[in-house]
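Have a look at the structure below, then the notes.
Residue numbers begin at 1 in each chain, while the letters A, B, ... track the order of the sequences. Since we're looking at a predicted model, the values are computed, not measured.
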There are 2 protein chains.
Amino acid sequence: MPTKTFFNLPEEKRNKLLEAIHEEFSRVSFEEVSINQIIRMAGIPRGSFYQYFEDKKDMLRYLLSDYQEMLKGHALVSLERNGGDLFQMFLDIFDFTYGYVTEEKNNAFFKNLFADISVNAEFLRHRAHKAGQNTFGEFIGELLPYIDMDALDIRNEDDFGNMLGVLLPLTGEAFTTAFFDISGYAQIRLRYTQRLELLKRGFLKAKGAKT
Amino acid sequence: MPTKTFFNLPEEKRNKLLEAIHEEFSRVSFEEVSINQIIRMAGIPRGSFYQYFEDKKDMLRYLLSDYQEMLKGHALVSLERNGGDLFQMFLDIFDFTYGYVTEEKNNAFFKNLFADISVNAEFLRHRAHKAGQNTFGEFIGELLPYIDMDALDIRNEDDFGNMLGVLLPLTGEAFTTAFFDISGYAQIRLRYTQRLELLKRGFLKAKGAKT
DNA sequence: TATAAATATGACACCCTGTCATATTTTGCG
DNA sequence: CGCAAAATATGACAGGGTGTCATATTTATA
């Protein structure tokens, strides 16, 4: 995360830097992002950059955490509107993300971000970590009270965590694909909803039925 | 993929190069892998390297495809042994991978490989692509006839593809975590099996039961 | 206002990558 | 065999990039 110094920066200077960062991340994929470019654009000396950020990844984390904050807000709204439907929440988040990302000014920026495999994974890891069984991070933690647990077939204390453990990578994959695949949004979204349905009902036949 | 020239190399020279690659990938994570180091170790001139590989990623793809070949073999064996049980196959692959990776000589190598988020994602993408709904690649294609479809609750032509679409990212995540998480193999494996069980039975209550 | 704590700065040391013109080998074949 | 064409090999080079550090400036503080 950026240093205290960064946040203390006079607004103007900080904004110019942030803009430069946004521009550079829009120009090329994360892998190719160059600190040199950024400082040139922002007109700050090299040394200053390292006073604010640890390195390239540090910037990335900052950018992603921004997005994550937004996500959290939307997740809450979705849950409140839909009686705590966990599946609907995931779908809403999917839709929101797609919409946000395709906004003109965010387009190139996010395309590059999501396009880069390493970023995508960082993002997954980020969330996966937070939703991990042990470290039940803030993200899910805050949502927990709003989720309708009664709809879920929870038989022991691990089940809920594990459900998330399935939903998260699945959703992450849908994100990646949505910005990569030629097949486009409609197609990916269809697949994603189909998969959510599969999760709801289970993969095996003859659940209730006796042979 | 490596060029034809690479495969035509006299065995001795090629092996020396492969060894150097293995060593470098064991030394640091993919991100830090240096072609300079490799050519120094292998004692080949810079230009030669680029005669064999396109770049760093090209090497990576080669290494991963190797592993993938192995996987395929094990998947087949598993299916044959277990009456085409898809879930058991995934679990077997998980176990095999863990075992293989923890072999002394592969340990550092794979740890670095899996530890690097970008590699991991590349690997996921790789597989995800092959199992994608449209491009039903060789991997799954070859396994298809061995899978016991009757056990699965398949209601339309998309269902099977979508089941894989859930299983693949889930398994990928399990791999990543297994080599990262402090909690260790037993813990991760337990979680993975729990999640497979959840997939089998479905997340929602009251499936057969009428309200 | 003097001294300590924070910031800013940019030259430096170091490392890397991909290319290209130039050798050296191999191959194909009359 | 002898030689031109096709393959390979080579390593110097141009162009970039990163993180650090000793040295200035500012700002805060007593």
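Going from atom NZ of B:Lys57 over to atom C1' of C:dG18 covers 15 Å, rounded to whole Å. Between the P atom of C:dG18 and the CG atom of B:Asp58 lies a distance of 11 Å, rounded to the nearest Å. Protein atom CD1 of B:Ile38 is 13 Å distant from nucleotide atom C1' of C:dT17, rounded to whole Å. Rounded to whole Å, atom P of C:dT19 lies 14 Å from atom CD1 of B:Ile39. In this structure, CG of B:Leu9 is placed 13 Å from C1' of C:dT25, rounded to the nearest angstrom.
Annotation: proximity of residues 14-24 of chain B to DNA chain D (heavy atom, distance under 4.0 Å) is found for no residue.
When the ring-ring contact (aromatic ring centres under 6.0 Å, His included) test is applied to B:Tyr50, no partner is found at least two apart in sequence or on another chain. Residues meeting the ring-ring contact (aromatic ring centres under 6.0 Å, His included) test with B:Phe96, sequence neighbours left out: B:His74, B:Tyr100. Shown here are the salt bridge (charged side-chain N to carboxylate O under 4.0 Å, His left out) partners of B:Arg27, two or more places apart in sequence or in another chain: B:Glu24.
For the residue pair B:Thr171 / B:Tyr192, a side-chain donor-acceptor distance below 3.5 Å is found, with atom types taken as modelled. Remark: the A:Ser26 side chain and the A:Glu23 side chain contain no N/O donor-acceptor pair separated by less than 3.5 Å. In this model, no donor atom of one side chain and acceptor atom of the other lie less than 3.5 Å apart for B:Asn15 and B:Glu19. Between the side chains of A:Asn36 and A:Arg46, at least one donor N or O lies within less than 3.5 Å of an accepting N or O.
The shortest side-chain heavy-atom distance between B:Phe160 and B:Ile147 falls under the 4.5 Å cut-off.
Distances shorter than 4.0 Å separate none of the side-chain N or O atoms of B:Asn8 from OP1 or OP2 on D:dA7. Dashed line: the shortest gap from a side-chain N or O of B:Tyr52 to OP1 or OP2 of D:dT8 is not under 4.0 Å. OP1 or OP2 of C:dA6 has not a single side-chain nitrogen or oxygen of A:Lys4 nearer than 4.0 Å.
A distance of 6.0 Å or more separates the ring centres of A:Tyr98 and A:Phe94.
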- Expected string for nucleotides 11-25 of chain D under the B/S/- scheme (protein heavy atoms, under 4.0 Å, primed atoms plus P, OP1, OP2 as sugar-phosphate) is BB----SBBB-----
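With salt bridges taken as basic N to acidic carboxylate O contacts below 4.0 Å, none links A:Arg191 and B:Asp158.
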Distances under 3.5 Å between protein N/O atoms and the N/O atoms of nucleotides 26-29 of chain C, please, pair by pair.
none

- Query: Between A:Glu11 and A:Arg14, does a salt bridge (Lys or Arg N to Asp or Glu O under 4.0 Å) hold up when you go through it step by step?
  - Reply: CA-CA 5 Å; A:Glu11 200 165 334; A:Arg14 192 176 60 238; 5.2 Å; no
